[in-house]
> 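I have a structure here, written as structure tokens, and I will follow up with some questions on it.
Predicted, not measured: the structure shown is a model, and the values here were computed from it.
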Amino acid sequence: MLHVDQIRAATSGAVATTLAGGGETVPPPFTVTRVFTENELNNWLALGVVLAAGLYLYGVYRLRLRGVRWPVIRTVFFLGPGLGGIAAVTLSGLGAYDTTLLSVHMIQHMVLSMVAPIFLALGAPVTLALRTLPVRPRKRLLAIVHSRIARVYSFPLVAFTIFVVNPFALYFTDLYEYTLRHEWAHELVHAHFIATGCVFFWPLLGLDPLPGRWPYPARALLMLLSVPFHTVLGLTIMQSTVLLGGDWYPSLHLGWSDPHNDQVVAGGVLWAGGEFVSVTMLAVLVVQWIRQAEREARRLDRELDRQEARERAAETTA
């Protein structure tokens, strides 16, 4: 949390404004150093990240006790860019400025909705749970994965619609200002970003067994269609003369940041970051597609070898 003397020094003796969302005073000017010094460890995400990491590591430990090897790269993906990405933008100094600067919020948006869900999916936590849970909990998890609700939300077109429409519904309505003024709503938006990203990327890139998974060409096409979405959203925010969040940012009276300029930076972050992540993940999907084709070719070769062996054995016997 921010110290009172820091705030007083930054405001040069003026009375510090109070953030309506969390009852905290407006922080001093944002710098790279403050990302590492101003930590936010008093929210539910801190507990959630620690709990998820502990359960995942416990599952890996259980498999090792049984002599089953779990790929190290999956653990690295899940704990590193996955849970680590969530922690980096919510528990660090970025979390202290997410209601002060729209540009910081957009960095959170990108990581929580795109970067972290992708690596959580590549960590295959559902597969790990199915291999380690007892019989009854395993059956319950399978029932959830194959339930009608899971089929609907994991259907790529439904997930794509949710992923595309949600940001426009958030930023271009009064909902975003409401989340700035109410802490519980702001925290709920963080969870919503993560859930939306998981719903979209899990069926496309994830390794877990999901029902109704599309073939790779269709998945690649859907991923390609998602690229212009962040360009349109980012450019719209950059060119908008109306401030997102209503009068929230001007009411903070920050002497070190202009809300209009910061909104332009926020739109640029969304535009450039969205295109980079989308194109990178499209490349990952193509690599998965190539590897799957190679595995299928090797399987067919083995089947042909077995068939030839059976024919030669039959000829020899005759």
> Going hydrophobic residue to hydrophobic residue with side-chain gaps under 4.5 angstrom, can you get from Val89 over to Leu170?
yes
> Kindly list each side-chain donor-acceptor pair under 3.5 angstrom involving residues 139-152, sequence neighbours excluded, with atom names and distances?
| from | atom 1 | to | atom 2 | distance (Å) |
| --- | --- | --- | --- | --- |
| Ser147 | OG | Ile144 | O | 2.7 |
| Ser147 | OG | Ala150 | N | 3.3 |
| Arg151 | NE | His146 | O | 3.4 |

> CZ/Phe276 to CE/Met114 distance, rounded to the nearest 0.5 angstrom?
10.5 Å
> Say whether, by atom type as modelled, one donor and one acceptor occur between the side chain of Ser240 and the main chain of Thr236 under 3.5 angstrom.
no
> Could you see if Ile73 belongs to whatever hydrophobic cluster contains Leu79? Use Ile, Leu, Val, Met, Phe, Trp, Tyr and a side-chain cutoff under 4.5 Å.
yes
> In this structure, would Tyr176 and Phe168 fall into the same cluster of hydrophobic residues linked by side-chain contacts under 4.5 Å?
yes
> Walk me through whether Leu63 and Leu128 qualify under side chain to side chain contact (heavy atoms under 4.5 Å, CB included).
CA-CA 9 Å; Leu63 285 182; Leu128 179 62; 3.5 Å; yes
> For Tyr249 and His105, I'd like to know if the aromatic rings sit close, meaning centre-to-centre distance below 6.0 Å.
no
> According to salt bridge (charged side-chain N to carboxylate O under 4.0 Å, His left out), who are the partners of Glu303, at least two apart in sequence or on a separate chain?
Arg306, Arg310
> Can you check side chain to side chain contact (heavy atoms under 4.5 Å, CB included) on Asp262 and Leu254, steps first, answer last?
CA-CA 11 Å; Asp262 186 60; Leu254 299 178; over 6 Å; no
> Say whether, by atom type as modelled, one donor and one acceptor occur between the side chain of Thr196 and the main chain of Phe193 under 3.5 angstrom.
no
> Determine the minimum heavy-atom distance between Asp98 and Gln108, stating which atoms define it.
CB-OE1, 3.1 Å
> Cation-pi check for Tyr216 against Arg219: NZ or CZ below 6.0 Å from the six-membered ring centre and within 45 degrees of the axis, yes or no?
yes
> Can you measure from CD1 (Ile118) to OG1 (Thr280) and round to the nearest 0.5 angstrom?
8.5 Å
> Taking all heavy atoms of Ala116 and all of Gly82, pick out the closest pair and write down the distance.
CB-O, 3.5 Å
> Measure the shortest side-chain to side-chain distance between Phe119 and Val115 over non-hydrogen atoms and say whether it is less than 4.5 angstrom.
yes
> Share the residues that join Leu243 in a hydrophobic cluster, the rule being Ile, Leu, Val, Met, Phe, Trp or Tyr side chains under 4.5 Å apart at the heavy-atom level.
none
> Side-chain heavy atoms nearer than 4.5 Å, only ILVMFWY residues, links allowed to pass through others: does that put Val164 and Ile162 together?
yes
> For Gln288 and Leu205, indicate whether the former's side chain and the latter's backbone hold a donor-acceptor pair under 3.5 Å.
yes
> Is there side-chain contact between Ser92 and Tyr97, with heavy atoms separated by less than 4.5 Å?
no
> Tell me the closest heavy-atom pair linking Leu120 and Pro125, and the distance in Å.
O-CD, 3.3 Å
> Taking side chain as C-beta onward, heavy atoms only, is Leu122 less than 4.5 Å from Pro81?
no
> Check the surroundings of atom CZ in Arg66: do more than 12 heavy atoms from other residues, nucleotides or ligands lie under 6.0 Å from it?
yes
> Who else is in Met238's hydrophobic cluster (ILVMFWY, side-chain heavy atoms under 4.5 Å, direct or via others)?
Leu235, Val264, Trp271
> Would you call Phe172 and Leu233 a side-chain contact if the rule is heavy atoms closer than 4.5 Å?
yes
> For residues Phe163 and Phe229, report the shortest heavy-atom separation together with the two atoms involved.
O-CZ, 3.7 Å
> Can you give me the closest heavy-atom contact between His230 and Leu270, atom names plus distance?
CB-O, 3.7 Å
> Can you check whether Ser226 reaches Phe200 side chain to side chain, under 4.5 Å on heavy atoms?
yes
> Going through the checks in order, is the side chain to side chain contact (heavy atoms under 4.5 Å, CB included) test met by Phe30 and Leu94?
CA-CA 9 Å; Phe30 178 76; Leu94 291 175; 4.0 Å; yes
> Verify, without hydrogens or angle tests, whether Gln263 (side chain) and Leu244 (backbone) share a donor-acceptor contact under 3.5 angstrom.
yes
> If we only count heavy atoms from C-beta on, is the Thr90 to Leu112 side-chain gap below 4.5 Å?
yes
> A side-chain contact here means heavy atoms from C-beta on lying under 4.5 Å apart; do His190 and Ile194 qualify?
no
> Using every non-hydrogen atom in the two residues, find where Thr100 and Ala96 come nearest and quote the distance to one decimal.
OG1-O, 4.1 Å
> Applying side chain to side chain contact (heavy atoms under 4.5 Å, CB included) to Leu207 and Arg74, what does each step give before you reach the verdict?
CA-CA 10 Å; Leu207 307 177; Arg74 295 185 183 181; 3.7 Å; yes
> Counting only heavy atoms not in Tyr153, do more than 12 fall under 6.0 Å of its OH?
no
> Could you grab the distance from atom OG of Ser103 to atom CG of Asn261, nearest 0.5 Å is fine?
10.5 Å
> Within the structure provided, determine whether Val189 and Leu175 are in side-chain contact (heavy-atom separation under 4.5 Å).
no
> Counting distance only, does the side-chain N/O of His182 pair as donor-acceptor with the main-chain N or O of Tyr178 below 3.5 Å?
yes
> Taking salt bridge (charged side-chain N to carboxylate O under 4.0 Å, His left out) as the test, write out the residues that go with Glu275, two or more places apart.
none
> Does a donor on one side chain sit under 3.5 Å from an acceptor on the other, for Tyr56 and Trp70?
yes
> Out of curiosity, Leu157 CG to Trp214 CH2, how far, rounded to the nearest 0.5 Å?
3.5 Å
> With sequence neighbours left out, what residues match Asp247 under salt bridge (charged side-chain N to carboxylate O under 4.0 Å, His left out)?
Arg181
> Answer with yes or no whether the hydrophobic clustering places Trp289 together with Val279; edges join I, L, V, M, F, W, Y residues whose side-chain heavy atoms lie under 4.5 Å apart.
no
